[in-house]
Enquirer: 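Structure provided below as structure tokens; questions to follow.
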There are 2 protein chains.
Amino acid sequence: MDQGAHHAAEQGSLLLQDQLCFALYAASRSVTTRYRPLLEELGLTYPQYLVMLVLWDRDSVSVRELGTALQLESSTLSPLLKRLEAGGLIRRERRSDDERSVAIRLTQDGADLREKARAVPLAIGEAMGLTPEQDATAKHLLRLLTANVTRD
Amino acid sequence: MDQGAHHAAEQGSLLLQDQLCFALYAASRSVTTRYRPLLEELGLTYPQYLVMLVLWDRDSVSVRELGTALQLESSTLSPLLKRLEAGGLIRRERRSDDERSVAIRLTQDGADLREKARAVPLAIGEAMGLTPEQDATAKHLLRLLTANVTRD
DNA sequence: CTCGATTAAGTTGCGCACGATTTAATCGAG
DNA sequence: CTCGATTAAATCGTGCGCAACTTAATCGAG
């Protein structure tokens with residue numbers, strides 16, 4: 001009952017510590033900070049790593065498809081892809097059937113990097129320290145929240 | 001059992017959609033995007049809003065204390081606070097007892113903005129669309145994850 | 001076929017976010 | 001008291017992240 005009262009008071013609270021949005025913001029940044037040294041060994045930033053995850057799964061993706069998968073704008077992806085290209089991990093070529101579209105492909109170096117990246121998700125999973133059930137619950141709630149917040 | 005197999009396969013997966021870290025990253029950005037138009041009416045960005053939440057709770061905070069509360073570096077906060085000061089919402093003054101430290105205080109405009117901000121957390125809570133139980137679970141898991149990832 | 005609408009990618013400007021470094025004030029062992 | 005170590009902010013450089021806009025290619029109604 002005290003719990004109930006406390007909970008009701010939290011609705012619409014302006015206290016930082018009550019905000020789910022802050023827990024989310026802090027968690028996201030703490031995770032990318034944890035990734036940083038691991039990814040540094042691969043020569044990648046965290047968003048670059050996410051792009052590579054997509055490319056290791058399916059070769060040849062358009063900028064638009066990357067944007068859909070990662071929920072990022074071309075204004076974010078274009079410069080990022082330019083840096084990956086400069087680093088020799090990807091190639092960019094206009095599609096012949098639709099000259100507006102740009103196909104992103106892995107270079108050999110980019111494909112080879114996959115093996116070095118194998119250990120990364122396990123290391124992070126370990127650091128997060130959630131049980132498989134907690135991990136699944138968190139993913140479920142985050143996807144639900146994202147879907148709700150993104151609609152309309 | 002198929003579930004178990006599927007779950008075991010997820011451990012160490014390099015598929016974007018299996019990664020909790022990506023769900024976290026996407027959720028965090030989708031929430032701040034949802035905040036944007038609401039905060040725009042207050043003349044605030046999302047990180048600026050978080051700073052204001054702290055100041056509405058306790059007047060006079062040092063940059064260091066803000067950094068502890070928000071888990072942000074002075075290299076992030078200093079320019080942000082300069083913008084809030086330029087916007088007339090806060091004042092900055094060196095502490096007389098320790099000239100290294102800078103006390104951040106609300107101006108009258110900054111204090112007044114609190115009333116206009118009242119509706120924001122409720123609107124966002126509504127948009128997130130989680131039940132009170134899901135909200136509490138999410139907060140709990142995110143704080144646990146942050147604590148685990150941050151330690152050592 | 002044509003020309004206005006749509007679509008894909010890129011550019012620009014601004015505000016984070018953070019590591020590395022700098023400047024200045026305080027602390028504290030000897 | 002003193003001077004090396006620590007601490008608090010700020011500065012600098014780089015890379016996102018996104019709104020607004022531009023450029024160029026494709027689409028499609030008439």
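Just so we're on the same page: letters track the sequence lines, and every chain starts at 1. All of these numbers come straight from a predicted model, not from anything done at the bench.
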Enquirer: Heavy-atom nearest nucleotide on DNA chain C for B/Gln48 versus A/Glu40: which residue maps closer to 5'?
Expert: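 Nearest nucleotide further toward 5': that of B/Gln48.
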
Enquirer: Of the nucleotides D/dC18, C/dG19, D/dC16, which one has an atom closest to the side chain of A/Thr33?
Expert: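 Nearest to the side-chain atoms of A/Thr33, counting from C-beta on, is C/dG19.
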
Enquirer: Side chain of A/Leu80 only, please: which of C/dC18, D/dC16, D/dC18 is the nearest?
Expert: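 Looking only at heavy atoms from C-beta outward on A/Leu80, the closest nucleotide is D/dC16.
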
Enquirer: Are the side chain of B/Asn148 and the backbone of A/Met128 linked by a donor-acceptor contact shorter than 3.5 Å?
Expert: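 Pair found, side chain donor or acceptor close to backbone of A/Met128.
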
Enquirer: For D/dC12, give the paired nucleotide (Watson-Crick: N1-N3 plus N6-O4 or O6-N4; G-U: N1-O2 and O6-N3; both under 3.5 Å), or none.
Expert: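 D/dC12 is paired with C/dG19.
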
Enquirer: With a 4.0 Å limit, can you tell me whether B/Gln71 has a side-chain N or O closer than that to the phosphate oxygens OP1/OP2 of C/dA17?
Expert: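 No, outside the criterion.
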
Enquirer: Would you kindly give the CG-to-C1' distance between A/Leu66 and D/dG17, to the nearest whole Å?
Expert: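 It is 15 Å, rounded to the nearest whole Å.
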
Enquirer: Check whether any side-chain N or O of B/Arg83 sits under 3.5 Å from a backbone N or O of B/Gln48 as a donor-acceptor pair, and report yes or no.
Expert: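 Side chain of B/Arg83 to backbone of B/Gln48: no pair is present.
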
Enquirer: Any carboxylate oxygen within less than 4.0 angstrom of a Lys/Arg side-chain nitrogen, looking at B/Glu85 and B/Lys82?
Expert: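 No, B/Glu85 and B/Lys82 are not salt-bridged.
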
Enquirer: Mark yes or no for whether B/Thr137, through its side chain, and B/Glu133, through its backbone, hold a donor-acceptor pair below 3.5 Å.
Expert: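 Yes.
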
Enquirer: Spell out, as yes or no, whether a donor-acceptor pair under 3.5 Å connects the side chain of A/Thr107 to the backbone of A/Gly88.
Expert: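 Indeed, once roles are kept as given, a pair shorter than 3.5 Å links the two residues.
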
Enquirer: Is there a chain of hydrophobic side chains (I, L, V, M, F, W, Y, each step under 4.5 Å between heavy atoms) that links A/Leu16 to B/Leu89?
Expert: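 Yes: a chain of side-chain contacts under 4.5 Å links A/Leu16 to B/Leu89.
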
Enquirer: Watson-Crick or G-U wobble partner for C/dG30, using a 3.5 Å limit on both distances?
Expert: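 Because both required distances fall under 3.5 Å, C/dG30 counts as paired with D/dC1.
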
Enquirer: Looking at C/dC16, I'd like to know if its phosphate oxygens (OP1 or OP2) sit under 4.0 Å from a side-chain N or O belonging to A/Tyr25.
Expert: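 It does not, given that no N or O in the side chain of A/Tyr25 lies less than 4.0 Å from OP1 or OP2 of C/dC16.
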
Enquirer: Take nucleotides 4-13 of chain D nucleotide by nucleotide from the 5' end and write B, S or -, depending on whether a protein heavy atom sits under 4.0 Å from the base, only from the sugar-phosphate, or from neither.
Expert: ---BSBBBB-

Enquirer: Calculate the interatomic distance between A/Asp97 atom CG and C/dA8 atom P; express it in whole Å.
Expert: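 From A/Asp97 CG to C/dA8 P: 13 Å.
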
Enquirer: Given atom CZ of A/Arg34 and atom P of C/dC18, what is their separation to the nearest angstrom?
Expert: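 My rounded result for the distance is 15 Å.
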
Enquirer: Roughly, in whole Å, what's the span from CG in B/Leu84 to C1' in C/dG15?
Expert: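 From B/Leu84 CG to C/dG15 C1': 12 Å.
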
